[in-house]
Every structure is written in C-alpha cells, then in structure tokens.
Amino acid sequence: MPKPIPKPTDAELEILHVLWQHGPATVRTVNEQLSRQREIGYTTTLKIMQLMLEKGLVQRDDEGRSHIYRAAVREHDTQGLLLDKFVAATFGGSALKLVLQALGHRKTSADELAQIRRLLNDIEIQNANSLTSNSDDDAPVA
C-alpha cells in the first residue's frame, strides 16, 4: 500500500508549485523563483526543502556538486488531499456546500459554466457506467 501523502505547509506548497511548474531544480533556482513573489532568504528555502526531504515531499539527487530537488508527490494527488481536508473541515464534507459557496460568491463566466456542465455530464456517465458494471457482478454465472 502506498505511503499517504503528508500535508504540506503553505511554504512547502509554494516550493512544490515551483518544482511542478519548472521541474527538478537546485535550491538556488527555487529560491529565485520564490523571490519573484516575495523576498525569501536562500537559507530559509534550503531549510524548508531539507524538511520537505525528511517528510517525503521532495527527493534529492546528490550526484554532482549541486543537489537537485524534484517533487516526490504529484500535483493532482496533493490538490486532492488538500481539497478533501478543506471540504471536511470547512463544509462538513459536503461537496454541494462547497460548490454553492464557490459559485455564489463570484461572477462565473459562460465558459466556466460550460466546463462545469461538461464535468457534471462526465460524472453522470461515470456513475451510470459504474452502476451497470456493478450490477453485472451480481448476475448469476451461467
């Protein structure tokens, strides 16, 4: 069974975003990317990345003179983990409450609404397919 993904802190998530967007990088490269948004010291970035290595959020290639770090967790998996925790803590686990809040508090473009409709249609098709495949499992064997 795969090891569960540890929940990254906000600072760790910023670093993961850099690694997901730019791929494997040195601490210096990550620090330069982070410094575009706000001032952050090199040693701070280094320390956070060392802690991330211990937690299993990043991997480090020790070959050569400079260490290269890469994300050890996938962006999609991490987003799912954070979203699940957020929905559970903030909306009592209700996806409906989350969606109603998200759509009710800002202007939603026609394109976004079309994408949401397509997503809902895809989910309905997946649910229908899983129901038919589950009912096939219950059918008697001839």
Side-chain angles (χ1 to χ4, degrees), residues 1-139 141:
M1 188 161 130
K3 185 178 166 186
I5 300 169
K7 182 181 179 217
T9 65
D10 290 345
E12 292 168 343
L13 197 53
E14 283 183 285
I15 290 170
L16 284 171
H17 279 295
V18 171
L19 295 173
W20 289 328
Q21 286 179 333
H22 300 284
T26 62
V27 174
R28 181 153 318 282
T29 301
V30 170
N31 184 257
E32 288 169 359
Q33 292 296 319
L34 293 175
S35 292
R36 291 180 179 185
Q37 280 84 40
R38 63 182 174 85
E39 190 56 41
I40 182 169
Y42 174 86
T43 55
T44 301
T45 303
L46 174 62
K47 183 63 179 170
I48 294 169
M49 292 179 76
Q50 289 170 338
L51 292 170
M52 291 173 72
L53 181 65
E54 291 173 17
K55 287 172 73 173
L57 291 169
V58 296
Q59 296 171 333
R60 183 177 66 202
D61 180 0
D62 295 329
E63 298 291 321
R65 199 172 138 94
S66 53
H67 296 165
I68 305 293
Y69 288 81
R70 71 185 81 259
V73 293
R74 294 185 325 181
E75 183 174 18
H76 183 265
D77 295 340
T78 304
Q79 289 171 339
L81 168 78
L82 294 173
L83 183 61
D84 288 347
K85 288 183 181 287
F86 176 74
V87 171
T90 309
F91 298 99
S94 172
L96 174 62
K97 287 181 182 178
L98 167 71
V99 170
L100 291 174
Q101 188 75 7
L103 294 178
H105 276 69
R106 66 180 211 49
K107 178 96 171 93
T108 307
S109 71
D111 183 53
E112 288 173 320
L113 288 173
Q115 289 179 32
I116 291 167
R117 283 189 187 95
R118 283 193 297 274
L119 175 63
L120 291 173
N121 288 338
D122 290 347
I123 291 170
E124 285 178 343
I125 290 168
Q126 287 174 353
N127 287 346
N129 288 341
S130 71
L131 286 176
T132 53
S133 68
N134 286 342
S135 64
D136 290 346
D137 293 342
D138 298 334
V141 178

Shortest non-hydrogen contact from Asn129 toward Thr132: O-OG1, 2.9 Å

Quick one: list whatever passes salt bridge (charged side-chain N to carboxylate O under 4.0 Å, His left out) with Asp62, sequence neighbours left out. Arg60

Determine the minimum heavy-atom distance between Leu16 and Ala71, stating which atoms define it. CD2-CB, 4.0 Å

For Leu81 and Val73: C-alpha separation, side-chain torsions, deciding distance, then whether side-chain contact (heavy atoms from CB on, under 4.5 Å) applies. CA-CA 11 Å; Leu81 168 78; Val73 293; over 6 Å; no

Does any pair with a residue in residues 18-31 pass side-chain hydrogen bond (donor to acceptor under 3.5 Å, both in side chains), and if so which ones, sequence neighbours excluded? His22-Gln33, Thr26-Thr29, Asn31-Thr45

For residues 90-103, the salt bridge (charged side-chain N to carboxylate O under 4.0 Å, His left out) pairs (sequence neighbours left out) are none

Measure the shortest side-chain to side-chain distance between Leu13 and Leu82 over non-hydrogen atoms and say whether it is less than 4.5 angstrom. yes

How long is the span from the CG atom in Leu113 to the CG atom in Leu103, to the nearest 0.5 Å? 7.0 Å

What pairs of residues pass the salt bridge (charged side-chain N to carboxylate O under 4.0 Å, His left out) test when at least one of them lies in residues 4-25, not counting sequence neighbours? Glu12-Lys55, Glu14-Arg38

As an exercise, state the distance from OH of Tyr69 to CD of Gln50, rounded to the nearest 0.5 Å. 5.5 Å

Nearest 0.5 Å, what's the CG-CD1 distance between Leu57 and Ile15? 10.0 Å

Can you find a side-chain donor-acceptor pair between Asp122 and Gln126 that sits under 3.5 Å? no

Gap between atom CG of Leu119 and atom CD of Glu112 - 0.5 Å precision: 13.0 Å

Qualifying salt bridge (charged side-chain N to carboxylate O under 4.0 Å, His left out) pairs, either residue in residues 68-78, two or more places apart: Arg74-Asp77

Minimum heavy-atom distance Val30-Ala25, with the two atoms named: CG2-CB, 4.0 Å

For the residue pair Ala72 and Gly56, what are the closest heavy atoms and their distance? CB-O, 3.3 Å

How long is the span from the OG1 atom in Thr78 to the CG atom in Leu83, to the nearest 0.5 Å? 12.0 Å

Say you draw a straight line from NE2 of His67 to CG of Leu53; how long is it, rounded to the nearest 0.5 Å? 10.0 Å

Go through the structure and list residues passing salt bridge (charged side-chain N to carboxylate O under 4.0 Å, His left out) with Glu32, not counting sequence neighbours. none

